[in-house]
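One structure is given here, and the rest of the page talks about it.
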Amino acid sequence: MTETTPAADPVLASFRASIDNIDAALIHMLAERFRITQAVGAYKAEHDLPASDPGREERQIVRLRKLAEDAQLDPDFGEKFIRFIIDEVIRHHERAKAG
């Protein structure tokens with residue numbers, strides 16, 4: 001049996017290149033999402049609306065857990081991920097409201 005280093009393994013290198021592309025896409029999607037939510041935060045601050053909308057947040061959690069299940073992704077992981085994003089967005093909205 002011949003042992004190859006991970007860097008020299010073309011199959012592993014191909015997997016890693018795909019992962020790198022997906023990571024780049026995730027970063028770009030998150031950046032776009034946060035650009036939009038920053039606009040929402042500014043709008044909410046301008047119209048004296050609350051930073052969070054617990055009803056919408058819970059509907060989103062339910063919807064995204066279902067999407068995670070359908071995609072064969074652990075729904076608990078999906079929920080943790082989206083809750084982290086929601087919490088960060090709310091923090092930004094609160095900061096926008098504070099001026």
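Worth saying up front: this structure is predicted, and the values here are computed from it rather than measured.
Hydrophobic cluster membership is shared by Phe34 and Leu64, with clusters built from Ile, Leu, Val, Met, Phe, Trp and Tyr side chains linked at under 4.5 angstrom. Under a hydrophobic clustering in which Ile, Leu, Val, Met, Phe, Trp and Tyr are joined whenever their side-chain heavy atoms come within less than 4.5 Å, directly or via other members, Val40 and Leu30 fall into different clusters. Ile82 and Val89 fall within a single hydrophobic cluster, where Ile, Leu, Val, Met, Phe, Trp and Tyr are joined by side-chain heavy atoms under 4.5 Å apart, directly or via other members.
Using a cut-off of 4.0 Å between Lys/Arg side-chain N and Asp/Glu carboxylate O, Glu94 and Lys97 are scored as not salt-bridged.
In this view, Val62 satisfies the side-chain contact (heavy atoms from CB on, under 4.5 Å) rule with no residue, not counting sequence neighbours. Annotation: side-chain contact (heavy atoms from CB on, under 4.5 Å) contacts of Phe84 (sequence neighbours excluded): none. Gln38 pairs by the side-chain contact (heavy atoms from CB on, under 4.5 Å) definition with His92, not counting sequence neighbours. Gln60 meets the side chain to side chain donor-acceptor pair (under 3.5 Å) test with Arg63; sequence neighbours excluded. The side chain to side chain donor-acceptor pair (under 3.5 Å) search around Asp76 returns Arg65, not counting sequence neighbours. Lys66 meets the side chain to side chain donor-acceptor pair (under 3.5 Å) test with Asp70; sequence neighbours excluded.
Through chains of ILVMFWY side-chain contacts below 4.5 Å, Val11 is grouped with Phe15. Connectivity analysis of hydrophobic side chains (ILVMFWY, heavy atoms under 4.5 Å, direct or indirect) links Leu73 to Phe77. Apart from Leu26 itself, the hydrophobic cluster it occupies contains Ile22, Met29, where clustering links Ile, Leu, Val, Met, Phe, Trp and Tyr at side-chain heavy-atom distances under 4.5 Å.
One distance of note links CG of Asp74 with CD of Glu69; it measures 9.5 Å at 0.5 Å rounding. Taken to the nearest 0.5 Å, the OG1 atom of Thr37 stands 5.0 Å off from the NE2 atom of His93.
Taking every heavy atom of both residues into account, Ala68 and Pro75 meet most closely at CB-CA, 3.9 Å. Residues Gly41 and Ala96 approach most closely at O-CB, 4.0 Å, considering heavy atoms.
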Which donor-acceptor pairs under 3.5 Å do the side chains of residues 47-55 make with protein atoms, sequence neighbours left out?
unit_1, atom_1, unit_2, atom_2, d
His47, ND1, Tyr43, O, 3.0
Asp53, OD1, Gly55, N, 3.4
Asp53, OD1, Arg56, N, 3.2

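Within the structure, salt bridge (Lys or Arg N to Asp or Glu O under 4.0 Å) pairs that include any residue of residues 20-37 comprise Glu32-Arg35 (at least two apart or interchain). Pairs passing the salt bridge (Lys or Arg N to Asp or Glu O under 4.0 Å) check and including a residue from residues 36-46, sequence neighbours excluded, do not occur.
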